[in-house]
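Here is the structure we will look at.
Not measured: the values here are computed from a predicted model.
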Protein chains: 4
Amino acid sequence: MTGGRRRSETSRLAILDAARDLLLEGGYEQLTIDAIAGRAGVGKQTIYRWWGSKGAVVADAALEGGLAQPLTPLPDTGDIETDLRRWLRAWTEHLTTAQGTGLILALTAATADDHTVADVLFERFTQPHEQLLRDRLERARGAGQLASDAPVPTIASVLIGSLLYRVLTRQAPPTVDDADLVVRLVLGGAG
Amino acid sequence: MTGGRRRSETSRLAILDAARDLLLEGGYEQLTIDAIAGRAGVGKQTIYRWWGSKGAVVADAALEGGLAQPLTPLPDTGDIETDLRRWLRAWTEHLTTAQGTGLILALTAATADDHTVADVLFERFTQPHEQLLRDRLERARGAGQLASDAPVPTIASVLIGSLLYRVLTRQAPPTVDDADLVVRLVLGGAG
Amino acid sequence: MTGGRRRSETSRLAILDAARDLLLEGGYEQLTIDAIAGRAGVGKQTIYRWWGSKGAVVADAALEGGLAQPLTPLPDTGDIETDLRRWLRAWTEHLTTAQGTGLILALTAATADDHTVADVLFERFTQPHEQLLRDRLERARGAGQLASDAPVPTIASVLIGSLLYRVLTRQAPPTVDDADLVVRLVLGGAG
Amino acid sequence: MTGGRRRSETSRLAILDAARDLLLEGGYEQLTIDAIAGRAGVGKQTIYRWWGSKGAVVADAALEGGLAQPLTPLPDTGDIETDLRRWLRAWTEHLTTAQGTGLILALTAATADDHTVADVLFERFTQPHEQLLRDRLERARGAGQLASDAPVPTIASVLIGSLLYRVLTRQAPPTVDDADLVVRLVLGGAG
DNA sequence: GCATAAACGAGACGGTACGTCGTGTCTTTGA
DNA sequence: TCAAAGACACGACGTACCGTCTCGTTTATGC
């Protein structure tokens, strides 16, 4: 057996685009496979052939659909405080947009809902972003800007966690001032 | 006219108990209104009469069903580091249990799903716990254990956020060592 | 045993009126106990205390609510054909009104639905009307206007059945010409 | 695009069979869509996709499920009285069975309940049977066995109406003697 | 009169069935 | 051989009524 039609890249992109658009329009709860298929002009089977569940599509849409911040290394101006500020402010602003908020809420819902999605997202979204953060922190430690025993993973998780908390409480959107305070706190301590 | 049968406290409790048990057995995704009603020996309408959504029931079950940590003030041994450690360790351990993990995942899913639930939970769950934490921190500042310009709200949100992040990534359960590192970082800074 | 409040005639009438009105507005299917109670300004229990089922209320409403033709003996002009015509035309015209059609459809639905209702209605509605018809026919036989072996019960049931058929097929409302033809047929035969 | 799975004949028949069986077991009131779906091993949506209401399913079950008398022309022995007797006796006996009684009660309830069902049943059940009866009567008239001005439609409706009346009053099942009397009356008159 | 007690309105209760929606699978036709 | 279209079995949804069960409140005796 040789032949057979190849996977349609057009359909793949149409599905991810549809998922992203629907996600931003109505949130994770409104998002259905039927709606994705309809919007994308695609059969449901085409979705199930390549993704195992709604969460998997959402995860892919988040990763490829341009919803998230691009996965680029943190700037290195030589000053860790400046760079962390810049990073945290950028995320803070991103999460202030409807797009950013919707993304995180959807991913969080998907994560809380489905263990396999949690794993995929961690591996391909959270982990890489955290890694970039750690890389910059490690470089700072090498440069003597952080204490030699500074707990880099802890710092990274605290920075991300503070963002998460702001979004999930949904009370007030995080501000750049909050971001600066967090950086200040993490670097300087409260004592 | 004032008549009409009064709300059944028995049913109310049976519903919250059933919701809690099913949550711990199968997670938020397995939790259905039908199952709650069946387990509680109650008509579905009795649930819908008093709660607007699954999330609202879960929120109530968390608050009244003994799922969450009791809302007691942080101890005050006089040493803020000891007390924060104790608090964060207690939560960390609580979140290590199936009960605690299930609770937070369910509440997070409910939060991400439904804005009204998010508000209720913030007001009656997150906010009060955060307030207790802030109270202790303020007292520490008053006692000179924290810098006079220490950003108490930021400290509180960072402590909670770090917990949240650990649970949601679902990779490894948070450990007491992590807790200690976070407290250390927040009090002493990384610089 | 001493006192005790007496049955409220006001409520009884309000219930029957409400049932009748709702029946004419929406048919038997739309008719619910809740709606009757609401419209009558009455508790549901007051209905269940005195009637056993929806059908029983409907039967009573039909009998007392002025929905049906009054139960008066057929006129006796001395000519049986004239009198039967008059009787059948009156019913035909009654069944042409929305009220009459609604009544029969509702009673038929109730009859087909519920055996006990069928019995009550037969005993207090169908039977008495049929009896009046038979009485007149017997008198006609006595007067020699019908053959001495004329099957009076059969004639009666055929006259009523023809009405029923017209209403139930719901195609065209019965006309007075139809009525006359039926009387003619029954008295004169087709042979 | 023309694709798409075709309607499942297996499911269609299973639904009609289940409806028929449940009808005979418990009557129209006991018949529920859930029960039909369960018995037929079919999703409820498959029922709602093709029928609009319970009545519509019952109507179809009656028409296709072998509940009704087969739609065959009346015999023509040359003697109209014999043939009408045979026809009316056959129906009378059919309506004496649990199956026949259940059928007519169900169809009547459906008819009284739902106008659209009434139309379908009239067109596909009542009308055709009445037409066969009329055909035979017309032939008799042509053969001089009926008066040349005999009101054939009236005769047909009277014959059917008498049957209907017997079944709906539910008092005593109709007998073959009743049938003979009706035929005699219609052909010979009571005068 | 004043206790007794039944009927009243209101409306929550445990249930059953409703008709709809979404899931993930299966089948058909067309490219 | 893949893809669209869409029917399928399944199961949860949220609603409507059912008939029963408290709740106070009202109204009639009869002690």
No-hydrogen, no-angle side-chain donor-acceptor test under 3.5 Å, D/Thr116 and D/Asp114: yes
All pairs passing salt bridge (Lys or Arg N to Asp or Glu O under 4.0 Å) where residues 59-68 of chain B contributes a residue, at least two apart: B/Arg12-B/Glu64, B/Asp60-B/Arg124
Spacing between A/Trp51 atom CH2 and E/dG24 atom P, to the nearest angstrom: 14 Å
Under 3.5 Å donor-acceptor, C/Lys54 side chain and C/Leu31 backbone: yes
Sugar-phosphate or base contact per nucleotide [nucleotides 14-20 of chain E; S, B, -; heavy atom under 4.0 Å]: BB-SBBB
Sugar-phosphate only, base, or nothing, as touched by C/Trp50 at under 4.0 Å among non-hydrogen atoms: sugar-phosphate
Exam field: side chain B/Thr111 to backbone B/Leu107, donor-acceptor pair closer than 3.5 Å: yes
base_contact_polar (E/dA6 base, C/Arg5 side chain, donor-acceptor, <3.5 Å): no
Rounded interatomic separation in angstrom, taking CZ from D/Arg12 and C1' from F/dA9: 19 Å
Value in whole Å for how far the P atom of F/dC17 lies from CD1 of C/Ile47: 14 Å
Sequence neighbours excluded - side chain to side chain donor-acceptor pair (under 3.5 Å) pairs with any residue from residues 13-27 of chain D: D/Glu25-D/Arg39
Flag, side chain of A/Thr108 to backbone of A/Ile104, donor-acceptor distance under 3.5 Å: yes
Side-chain donor/acceptor contact of D/Arg6 with base of E/dT27 under 3.5 Å: no
